[in-house]
Number of protein chains: 2
Amino acid sequence: MELPALDRRSVVPLYYQIQRRLLEQIRAGTLKAGEPLPSEQEISERLGVSRMTARQALKSLCNLGVAYSQRGRGTFVSRMKLEKNFRQVLSFSEEMEARRSRPGSKVIAFEAVSAPTDVSAALHLKAKEKVIRLKRVRMADSRPMGVECTCLPLALCPDLLQRFDPQTSLYRTLSERYGIQIVLADEVAEARLATSEDARLLGISKGSPVFFFTRTAYLQSGQPAEYVKSTYRGDRYKITNRLTHQNKVNSLGRN
Amino acid sequence: MELPALDRRSVVPLYYQIQRRLLEQIRAGTLKAGEPLPSEQEISERLGVSRMTARQALKSLCNLGVAYSQRGRGTFVSRMKLEKNFRQVLSFSEEMEARRSRPGSKVIAFEAVSAPTDVSAALHLKAKEKVIRLKRVRMADSRPMGVECTCLPLALCPDLLQRFDPQTSLYRTLSERYGIQIVLADEVAEARLATSEDARLLGISKGSPVFFFTRTAYLQSGQPAEYVKSTYRGDRYKITNRLTHQNKVNSLGRN
DNA sequence: AAGTGGTCTAGACCACTCG
DNA sequence: GAGTGGTCTAGACCACTTG
């Protein structure tokens, strides 16, 4: 296993260069599922880096879920498939892109309103503070997928009503024009039957199964930035999740 | 802010002792949401540890989602609520316990069978390899919540049929008797209408909204250990998720 | 006994943010 | 310019697993 030397003049950190190489070898099949990765010691000697740096590279692979470590034994390639497409904080546009579908929207409402109590509670706003409300039917390849009603604090993006074209990606506009990065969202999903309004907007029968989502999205600081209620067609939508057994904050929680 | 000295003779790692202290202060409100945590430098000097150890403590808080770091600025307490109860890999028993409900089961089937194709595909088994099949109605406080059908490779727990009391927790038995630890699961959820069999077992009307889950659970090595199909009542069950914006393995993925 | 990962030290240089 | 987190080094001791 001959490896080219690391680029020490690069701005790319050494541990990251090492991570990418190992990832390549895993993908190429040189390192197979269940097999041990080179040990910290070995990486350290072969590539001429300190053991801490080698360790950081291996740890980053563990964080990606690509490998796992066992004390006293070694670090091994996970048998898990990589390609799986999990649920992330994605805009509808990004999600459709990932599915290789063409995203679209039909705008039903786009306005500034006083926040109802559930919205102001979720967004930590003062009573009757203004929010921007955007209600859209979301389409994939021109077929209706769901109805989405988004509320954003007006204070966060004061001139959004003027500057945003509601046919385009909201998240992209928030990021490019306001530097707003949503990194995390809490979501509650329920199984329900379509109401007559849902049915009309989505082109399904009343009483069809639907997902009902209530989602609050947060900035890195933990400040809530978006509150969304949406209804998605049960026949065209599935939720895919990867559940982990993270140690709870209450009990353990070591690294 | 007076802190007692660290216990250097303890088996508990220093970084972990520091993490717990900071966590206590966050919980107690001494450190408030949005405020900076002590810097790596400061922790290092005040507690007499190296900067790397201080850093590890802060990083572990970031991994828990309790704090976040900004280069050049500092590490801050997240504004996110801690108490939220997210979806993890939990057995039904653990999940009900977390909800303060009493778990129960009505066993419908408990047997060894040849794996159907979907099961053998999910569990990476050879064609017609044997699995243990356990079908139960799951109850919370004696009320039916869902129907669950679990398949486990027989090779993984050869005498489970004799040793397991299907009224008790399967995960607890797997852990205690076989050392099998499930650390991760991939799950697909669909919104559907109850079939007549679902309706009969769950005490609801045919055509009521239900969640339909297909779940594959994995050991740390990535080896699949369990395949479950289940149907849960839409009126008594919600899915709560925290979605993150993890960098993908394909593109970036730095720490 | 040899090899592994887990923790820890005492330094160092850098890029970044802020006043 | 002072302070911050991000990366990196060259050592060290430990607990654990395996032959």
Side-chain angles (χ1 to χ4, degrees), chain A residues 5-20 22 31 34-63 66-78 179 181 220-221 247 252-255, chain B residues 5-20 22 31 34-63 66-78 179 181 220-221 247 252-255:
Chain A
L6 297 171
D7 182 358
R8 297 189 100 88
R9 293 167 318 178
S10 165
V11 291
V12 179
L14 291 177
Y15 84 87
Y16 188 67
Q17 293 182 43
I18 300 169
Q19 186 221 77
R20 298 320 278 187
L22 293 171
L31 289 167
E35 286 182 357
L37 289 160
S39 71
E40 297 174 356
Q41 178 85 286
E42 195 177 338
I43 292 175
S44 161
E45 286 166 3
R46 296 255 277 255
L47 298 179
V49 297
S50 77
R51 199 194 128 200
M52 288 300 276
T53 301
R55 180 173 170 70
Q56 195 177 357
L58 289 175
K59 192 154 188 207
S60 71
L61 289 172
C62 294
N63 291 339
V66 172
Y68 61 99
S69 289
Q70 286 184 1
R71 192 196 191 106
R73 300 225 312 132
T75 303
F76 304 86
V77 181
S78 171
Q181 300 282 357
Q220 191 190 34
S221 67
N247 298 321
L252 272 158
R254 279 217 230 164
N255 283 340
Chain B
L6 297 171
D7 183 358
R8 297 189 99 90
R9 292 167 318 177
S10 166
V11 292
V12 179
L14 291 177
Y15 84 87
Y16 188 67
Q17 293 183 43
I18 299 170
Q19 186 220 76
R20 298 320 278 187
L22 293 171
L31 289 166
E35 285 182 358
L37 288 161
S39 71
E40 297 175 356
Q41 179 86 283
E42 196 177 338
I43 292 175
S44 161
E45 287 167 2
R46 295 256 277 255
L47 297 180
V49 297
S50 77
R51 200 192 128 201
M52 288 301 276
T53 301
R55 179 174 171 70
Q56 195 177 358
L58 289 175
K59 192 153 188 208
S60 71
L61 288 172
C62 294
N63 291 338
V66 173
Y68 61 99
S69 289
Q70 287 184 359
R71 190 196 193 107
R73 298 224 315 129
T75 304
F76 304 86
V77 180
S78 170
Q181 299 283 357
Q220 190 189 34
S221 67
N247 298 321
L252 272 157
R254 278 217 231 166
N255 284 340

Checklist entry - Of the nucleotides dT7(C), dC8(C), dC8(D), which has the atom closest to the R8(B) side chain? => result dC8(C)
Item to check | Closest nucleotide among dC8(C), dA12(D), dG5(D) to the T53(B) side chain | outcome: dC8(C)
Next on the checklist: Expressed as a whole number of angstroms, how long is the span from E42(B):CD to dG5(D):C1'?
Outcome noted: 14 Å
Item to check | Among dC8(D), dT7(C), dG5(D), the one nearest P13(B) by side-chain distance | outcome: dT7(C)
Checklist entry - Does Q56(A) place a side-chain N or O at less than 4.0 Å from the phosphate oxygens OP1/OP2 of dT7(D)? => result yes
Item to check | N or O in side chain of S69(A) less than 4.0 angstrom from dT4(C) OP1/OP2 | outcome: no
Item to check | Whole-Å distance separating the CD atom of Q70(B) from the P atom of dA15(C) | outcome: 20 Å
Next on the checklist: Working to the nearest 0.5 angstrom, can you tell me the gap between L22(B) CG and Q17(B) CD?
Outcome noted: 12.0 Å
Item to check | Side chain proximity check, R8(B) to V49(B), heavy atoms < 4.5 angstrom | outcome: yes
Checklist entry - Which one, dG6(D), dC8(D), dT17(C), comes nearest to the side chain of R73(B)? => result dT17(C)
Next on the checklist: With a 4.0 Å limit, can you tell me whether Y15(A) has a side-chain N or O closer than that to the phosphate oxygens OP1/OP2 of dT7(D)?
Outcome noted: yes
Checklist outcome for this item: 5'-most contact on DNA chain D (nearest-nucleotide basis), E40(B) vs M52(B), goes to E40(B)
Checklist entry - Quick one: is dA10(C) close enough that its OP1 or OP2 comes under 4.0 Å of any side-chain N or O from R51(B)? => result no
Item to check | Distance in angstrom units between Q19(A) CD and dC8(D) P, rounded | outcome: 12 Å
Item to check | Test item: Q181(B) side-chain N/O and Q220(B) main-chain N/O as donor-acceptor pair under 3.5 Å | outcome: no
Next on the checklist: As a test of understanding, state which of E40(B), Q41(B), Q56(B) forms a side chain to side chain donor-acceptor pair (under 3.5 Å) with R51(B).
Outcome noted: E40(B)
Checklist entry - Taking the nucleotide of DNA chain C with the closest heavy atom to each, which residue, G72(B) or S50(B), is nearer the 5' end? => result S50(B)
Next on the checklist: Any N or O donor-acceptor pair under 3.5 Å from the base of dG3(D) to the side chain of R71(B)?
Outcome noted: no
Item to check | Interatomic distance where NZ belongs to K59(B) and P belongs to dT7(C) [whole Å] | outcome: 13 Å
Next on the checklist: Nearest whole Å is fine: how far is dA10(C) C1' from R55(B) CZ?
Outcome noted: 16 Å
Item to check | Closest nucleotide among dC13(C), dA10(D), dT4(D) to the S39(B) side chain | outcome: dT4(D)
Checklist entry - Residues in side chain to side chain donor-acceptor pair (under 3.5 Å) with S44(B), at least two apart? => result none
